[in-house]
Asks: 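Dropping the structure in here first, questions after.
The structure displayed is predicted, hence computed values, not measured ones. Every heavy atom of this structure was used, including side-chain atoms; hydrogens, water molecules and symmetry mates were not.
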Amino acid sequence: TTAVTVIGAGLAGSEAAWQVAQAGVPVTLYEMRPVKNTPAHQTENFAELVCSNSLRGNNLTNAVGVLKEEMRRLDSIIITSADKTAVPAGGALAVDRDTFSQEITDRIKNHPLITVKNEEITAIPEGIVIIATGPLTSEALADQIKEFNGSDGFYFYDAAAPIVDKATIDMDKVYLKSRYNKGEAAYLNCPMTEEEFKAFYEALISAEVAPLKSFEKEKFFEGCMPIEVMAKRGIKTMLFGPLKPVGLEDPKTGKRPYAVIQLRQDNAAASLYNLVGFQTHLKWGEQKRVFQMIPGLENAEFVRYGVMHRNSFMNSPELLKPTYQAQKREDLFFAGQMTGVEGYVESAASGLLAGMNAARLAKGEEPVVFPRETTLGSMAYYITHAEGKHFQPMNANFGLFPELPERIRDKKERYEAIADRALTTLAKVTEEMNLVEQTK
Ligand code: FAD
């Protein structure tokens, strides 16, 4: 069989290389780190999580939870490694970021059919190729992709949240609890009175931001909007977002605080906590000044400040097929954030489909389009059928599925029915494709 080339060992590229190799097709995987770094990655390991350590919801009443389950059943290296390195996070799947990446790196490097090369690729190679170089694709390759695609590549910004050392948090002021006491108590909660909130809000909206570089376009994706940008939308906005107090009554008083800032465990040792929803591009000194106003964080040490980065994606509705093949070249696949799927799990999911289809092409089989009833298929459909002019990256969500044959009023029941249909459909597809489903 022909070998497959995968470029980029991030969330999508690692998953793609794994799927190709597991299908019995040899892979050469190119990763430029540590020879060349990106502005966000800190290590040379594969599938590094550049911001939050959460892979979000893990239940079937959550679209990204259904997506994870589909991926588990298709032997996803990203999800099975996440399950193995999980840390407590209520209903979410969060991981120890170091052991997670290490696990994936080891499994890939030890695969007999995968050859890893640490090189920056600067031109699109011939043969069966998967490009999965992410939102921070190196400039030389980004130029080549733009040239291949025509004028359809563009840029925007993205932000990462600060991390504090737990030993420096005032534990008398904060309390351990998950919202509505769901799952085990996983978050440290910093309660605010109305006065404290107002002072914090004023400081936040008037704090100094780091200067932005002049890229063509500046856009934020809603899921990772800088906290100061959200605050500037109005004094109440944060109270319906990351500072929402509902379900977080203070066990000491039994009362609901005016606002709550949640801290999420960031490593297995529980020595580091990140400020949930606090991605930011405030200057570092300003972050220290403003975020130390949060009750419990008066003396907190910030082991990593929030940062801003370029993010790029292509206009997939005009350029890709739902198999993740380029419309113009059937042996060229794209995967990951650059295709307009948004998030760690979604990036890995697109890598899964691209890898599976590249392997099929290598073996002389037809690539498969997953039905829209599956989460995998619903996202592939979205990025290839959305309106090209206003195309925005998208998380997995229930709104992307076709309607159910009958109307179910209760939201939870409706989501369960959609999830059930997704997993039944997946079982049918995999059976038709002669894939052996992994038994859990
Ligand atoms: P990546 O994981 O970035 O992988 C791309 C890989 O390609 C990298 O390893 C890179 O070194 C390599 N590479 C680049 N160019 C070349 C080249 N020319 N040759 C060889 N190798 C190359 N999503 C979330 O779900 N939660 C978050 O909290 C979150 N925060 C984010 C914060 C930031 C700052 C950014 C930029 C994105 C964030 N995202 C987040 C969005 C997205 O989920 C991640 O970017 C995710 O890593 C995308 O996966 P990927 O595989 O497409 O790219």
Side-chain angles (χ1 to χ4, degrees), residues 4-23 25 27-32 38 46-50 55 67 70-71 74-79 104 108 114 121 124-125 127-138 141-142 144-145 148-149 152-153 311-317 319-362 367-370 374-384 391 393-396:
V4 171
T5 303
V6 178
I7 311 173
L11 274 306
S14 299
E15 185 67 62
W18 178 257
Q19 293 290 333
V20 175
Q22 289 289 84
V25 176
V27 186
T28 307
L29 174 61
Y30 289 91
E31 169 53 55
M32 69 176 184
T38 79
F46 300 165
E48 182 182 327
L49 303 176
V50 290
L55 276 64
L67 178 58
E70 292 177 10
M71 293 171 73
L74 296 170
D75 182 30
S76 158
I77 188 174
I78 297 294
I79 301 302
I104 292 164
I108 287 185
I114 304 179
I121 297 294
I124 301 175
I128 305 178
V129 176
I130 301 173
I131 300 182
T133 45
L136 306 167
T137 296
S138 77
L141 186 62
Q144 293 290 311
I145 295 171
F148 174 82
N149 283 338
D152 286 314
N311 194 351
S312 47
F313 62 95
M314 45 198 250
N315 193 9
S316 296
L319 303 166
L320 290 186
K321 298 186 199 172
T323 51
Y324 290 92
Q325 287 166 292
Q327 289 175 6
K328 284 203 298 194
R329 184 181 142 183
E330 77 154 9
D331 61 358
L332 179 60
F333 294 78
F334 288 90
Q337 183 90 9
M338 64 194 314
T339 64
V341 296
E342 179 175 307
Y344 298 148
V345 178
E346 290 85 344
S347 294
S350 67
L352 189 151
L353 284 192
M356 186 183 275
N357 279 329
R360 292 178 70 85
L361 199 65
V368 277
V369 175
F370 270 59
T374 63
T375 324
L376 283 161
S378 73
M379 288 191 325
Y381 182 88
Y382 173 80
I383 63 153
T384 51
F391 183 53
M394 187 62 93
N395 282 130

Asks: Check whether Gln337 reaches the backbone of Gly343 with its side chain - one donor and one acceptor, N or O, closer than 3.5 Å.
Replies: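 Yes, Gln337 side chain to Gly343 backbone: donor-acceptor pair under 3.5 Å.
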Asks: Does a side-chain heavy-atom distance below 4.5 Å link Gln22 with Ile77?
Replies: no
Asks: Ignoring hydrogens, what is the shortest heavy-atom contact between Phe334 and Ala326? Give both atom names and the distance.
Replies: CE1-CB, 4.3 Å
Asks: Could you go through the side-chain contact (heavy atoms from CB on, under 4.5 Å) check for Leu320 and Met314 one step at a time?
Replies: CA-CA 9 Å; Leu320 290 186; Met314 45 198 250; 3.8 Å; yes
Asks: Might you work through the side-chain contact (heavy atoms from CB on, under 4.5 Å) test for Met32 and Leu141, ending with a clear yes or no?
Replies: CA-CA 11 Å; Met32 69 176 184; Leu141 186 62; over 6 Å; no
Asks: Would you call Ile7 and Pro125 a side-chain contact if the rule is heavy atoms closer than 4.5 Å?
Replies: yes
Asks: Looking at Ile114 and Ala17, what are the two nearest heavy atoms and their distance?
Replies: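 That closest heavy-atom pairing would be CD1-O, 3.9 Å.
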Asks: Going through the distances and angles, do Asp331 and Val129 end up as a side-chain contact (heavy atoms from CB on, under 4.5 Å)?
Replies: CA-CA 6 Å; Asp331 61 358; Val129 176; over 6 Å; no
Asks: Could you walk me through whether Leu353 and Met379 pass the side-chain contact (heavy atoms from CB on, under 4.5 Å) check?
Replies: CA-CA 11 Å; Leu353 284 192; Met379 288 191 325; over 6 Å; no
Asks: Taking Phe148's backbone N and O only, do any of them form a donor-acceptor pair with Lys328's side chain (distance below 3.5 Å, no angle check)?
Replies: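 Yes: the side chain of Lys328 pairs with the backbone of Phe148.
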Asks: Does any N or O in the side chain of Glu70 come within less than 3.5 Å of the main-chain N or O of Thr375, such that one atom is a donor and the other an acceptor?
Replies: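 Yes, Glu70 side chain to Thr375 backbone: donor-acceptor pair under 3.5 Å.
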Asks: Does any N or O in the side chain of Glu346 come within less than 3.5 Å of the main-chain N or O of Asn395, such that one atom is a donor and the other an acceptor?
Replies: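 Pair absent, no side-chain N/O of Glu346 close to backbone of Asn395.
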Asks: Between atom CD1 of Ile78 and atom CG of Leu352, what is the distance when rounded to the nearest 0.5 Å?
Replies: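 Rounded to the nearest 0.5 Å, the CD1-CG separation comes out at 10.0 Å.
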Asks: Can you give me the closest heavy-atom contact between Phe46 and Ile108, atom names plus distance?
Replies: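 Looking at all heavy atoms of both residues, the closest pair is CE1-CG2, 3.8 Å.
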Asks: Check Ser76 against Glu15 and note the closest heavy-atom contact, atom names and distance.
Replies: OG-OE1, 2.7 Å
Asks: Check whether any side-chain heavy atom of Leu49 sits under 4.5 Å from a side-chain heavy atom of Leu55, and report yes or no.
Replies: yes
Asks: Locate the shortest heavy-atom distance separating Thr374 from Phe370; write the atom from each residue and the value.
Replies: OG1-CB, 3.9 Å
Asks: May I ask you to decide if Ser347's main-chain N or O and Ser350's side chain share a donor-acceptor pair within less than 3.5 Å?
Replies: yes
Asks: Give the minimum heavy-atom separation between Ile131 and Met338, together with the two atoms involved.
Replies: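 Heavy atoms of Ile131 and Met338 come nearest at O-SD, 3.9 Å.
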Asks: Going by side chain to side chain contact (heavy atoms under 4.5 Å, CB included), Tyr324 matches just one of Thr339, Ile130, Leu332. Which one?
Replies: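 Per the side chain to side chain contact (heavy atoms under 4.5 Å, CB included) rule, the option paired with Tyr324 is Thr339, out of Thr339, Ile130, Leu332.
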Asks: With a 4.5 Å heavy-atom cut-off, do Phe333 and Leu361 have their side chains touching?
Replies: yes
Asks: Taking Asp75 for the side chain and Gln19 for the main chain, is one N or O donor matched with an acceptor at less than 3.5 Å?
Replies: no
Asks: When Val20 is tested against each of Ile128, Thr5, Asn357, Val27 for side chain to side chain contact (heavy atoms under 4.5 Å, CB included), which residue passes?
Replies: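 Among Ile128, Thr5, Asn357, Val27, the one meeting side chain to side chain contact (heavy atoms under 4.5 Å, CB included) with Val20 is Val27.
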Asks: Distance check, rounded to the nearest 0.5 Å: Asn149 atom CG versus Gln327 atom CD?
Replies: 10.0 Å
